Amino acid sequence: MTMLNFRSIGVAVIALALLAPPTPLLAQQAPAAATPSATAPSPGTVAPSQPTPAATAPAPAPMEAPAVTAAPAAASPAPVAAQALSEAGHASGSVAPGLSELSPWTMFLNADIIVKIVMIGLAVSSVITWTIFIAKKIELGRTRFRLRRSLKQIAESRSLAEAQMVLGDKHSVLSMLLGAALHEAKLSAGLASDEGIKERAASSFSEYVRAEGRHMRRGMGFLATIGATAPFIGLFGTVWGIMNSFIGISKSQTTNLAVVAPGIAEALLATAIGLVAAIPAVIIYNHFSREIKVYLELVARASGAAGRLLSRDLDRSHGSAHRARAAE
């Protein structure tokens, strides 16, 4: 029994001894086989023995694997860049048509009803401004031309009756002044106070001058109102439009330019129309203020001419009365 145990132990030890050496040998051969493949490219090494080609033959396979894996890695940025460019082109294509459609008419059609009312009101104000400009320019030009020609015509007249005959039945401010002087002279006939007649005639002249000034200033109030209020009306439309734009941004939960730009552009259009209506109104108002002032100076000259003719008639009537008394 004991001998069998010793015998079995010995057989196991011999089997272990025979099986153990192959593992270190394989471990030693593996670095030896890898060493020539690593050192093979160097020019100064000695050619290896015959077993080395068999060991180094599988070496190119690991070298090809990195090349194969590197090719997709190098080629992978190209699809990514192409995809990014296509996305950018698609995004620009989606924004560009929207922005190209932002014409003033399109912005007006897409605006809120309050902003539309503001724009229409400002457009009507601008039309009124230019209508007043054209009408007032024609009226002032014609009236000033007629008054200057009338003053030249009566420059050589010696009496009110002669001046009226020269002017004829023309309806002008000078003919009205001459008529007022003749009317006052007829009403004051038989009165000895020439100063009273002149004073009453001057009062009538001043009334005609003021009435002519009021007539020529018609429409100036509209210009002043439009020039003062149009920018604020346009600003109201802008504030309303921007408020609606912010409400749309909060509803859409995005700040994309294609979403924000149309509403803001519509709002700013109201301010632009307000300035278009206000700036010409202010300029035209100042222009006509100067023109009316020049015209009223001509009316004052006509009033003075009528007053001088009345004074000549009064002096002439008194002179003839003195000569008649002297003849008697």
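What you are looking at is a predicted structure, and each value in this text was computed from that prediction instead of being measured.
The two residues Ala277 and Thr129 have their closest heavy-atom pair at O-OG1, 4.3 Å. Pairing each heavy atom of Leu122 with each of Ala270, the nearest pair is CD1-O, 3.6 Å. Minimum heavy-atom separation, Ala163 to Leu178: CB-CD1, 3.7 Å. Considering every non-hydrogen atom in both Val115 and Glu266, the closest pair reads CG1-O, 4.2 Å. Residues Leu174 and Leu151 approach most closely at CD2-N, 4.0 Å, considering heavy atoms. The two residues Leu177 and Ala306 come nearest to each other via the heavy atoms CB-CB, 4.0 Å.
Note on Ile279 and Phe232: separate hydrophobic clusters, where clusters join Ile, Leu, Val, Met, Phe, Trp and Tyr whose side-chain heavy atoms are under 4.5 Å apart, directly or indirectly. Note: the hydrophobic cluster containing Val124 also contains Leu269 (ILVMFWY, side chain heavy atoms under 4.5 Å, direct or indirect links). Under the 4.5 Å side-chain contact rule for hydrophobic residues, Leu140 and Val173 share a cluster. Taking hydrophobic clusters as Ile, Leu, Val, Met, Phe, Trp and Tyr residues chained together by side-chain heavy-atom distances below 4.5 Å, Ile132 does not share a cluster with Val276. No continuous path of hydrophobic side-chain contacts links Leu275 to Ile226 [ILVMFWY only; heavy atoms under 4.5 Å].
If you take CD on Gln164 and CG on Leu182, they are separated by 4.5 Å, rounding to the nearest 0.5 Å. Annotation: the span from Ile154 atom CD1 to Arg308 atom CZ amounts to 8.0 Å, rounded to 0.5 Å. For the atom pair OG (Ser157) and CG (Leu167), the distance works out to 7.0 Å, reported to the nearest 0.5 Å. Note: Ser172 OG to Arg149 CZ = 9.0 Å, rounded to the nearest 0.5 Å. From Ile197, atom CD1 reaches atom CG of Leu187 across 10.0 Å, with rounding to the nearest 0.5 Å. Summarising the geometry, atom NE2 belonging to His287 is positioned 11.0 Å from atom CD1 belonging to Ile283; distances are rounded to the nearest 0.5 Å.
When the shell of 6.0 Å around CD of Glu156 is examined, it contains 12 or fewer heavy atoms from other residues, nucleotides or ligands. Annotation for Arg301: atom CZ does not count as buried by contact number, only 12 or fewer foreign heavy atoms lying within 6.0 Å. Within a 6.0 Å sphere centred on NE2 of His215, other residues, nucleotides and ligands contribute more than 12 heavy atoms. Atom CZ of Phe288 has more than 12 heavy atoms from other residues, nucleotides or ligands within 6.0 Å. For Met243, the CE atom sits in a packed shell: over 12 heavy atoms of surrounding residues, nucleotides or ligands are nearer than 6.0 Å. Around the CD atom of Glu199, the shell of radius 6.0 Å holds no more than 12 heavy atoms that belong to other residues, nucleotides or ligands.
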Steps toward side-chain contact (heavy atoms from CB on, under 4.5 Å) verdict (Arg217, Leu296): CA-CA 11 Å; Arg217 289 192 182 95; Leu296 291 179; 3.6 Å; yes
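Tyr295 is linked by a ring-ring contact (aromatic ring centres under 6.0 Å, His included) to nothing, counting only residues two or more places apart in sequence or in another chain. Qualifying side chain to side chain donor-acceptor pair (under 3.5 Å) partners for Thr229, counting only residues two or more places apart in sequence or in other chains: none.
Residue pairs meeting the salt bridge (Lys or Arg N to Asp or Glu O under 4.0 Å) criterion with at least one member in residues 231-254: none, sequence neighbours excluded. Pairs passing the salt bridge (Lys or Arg N to Asp or Glu O under 4.0 Å) check and including a residue from residues 172-190, sequence neighbours excluded, read Glu184-Arg200. For residues 272-296, the pairs satisfying salt bridge (Lys or Arg N to Asp or Glu O under 4.0 Å) are Arg144-Glu291, with sequence neighbours left out. The list of salt bridge (Lys or Arg N to Asp or Glu O under 4.0 Å) pairs with a residue in residues 123-136, not counting sequence neighbours, reads Lys136-Glu139.
Looking only at side-chain heavy atoms (C-beta outward), Asp315 and Arg312 stay at 4.5 Å or farther from each other. Within the 4.5 Å cutoff, side-chain heavy atoms of Ile284 are placed close to those of Trp130.
Ring pair Trp240/Phe236 is tilted by interplanar angle, where 30° to 60° counts as tilted.
Between the side chain of Ser125 and the main chain of Gly121, a donor-acceptor pair closer than 3.5 Å is present. Although no hydrogens or angles enter the test, the distance criterion places a donor-acceptor pair under 3.5 Å between the side chain of Thr238 and the main chain of Gly234. When atom types are taken as modelled, the side chain of Arg316 and the backbone of Arg158 share a donor-acceptor pair closer than 3.5 angstrom.
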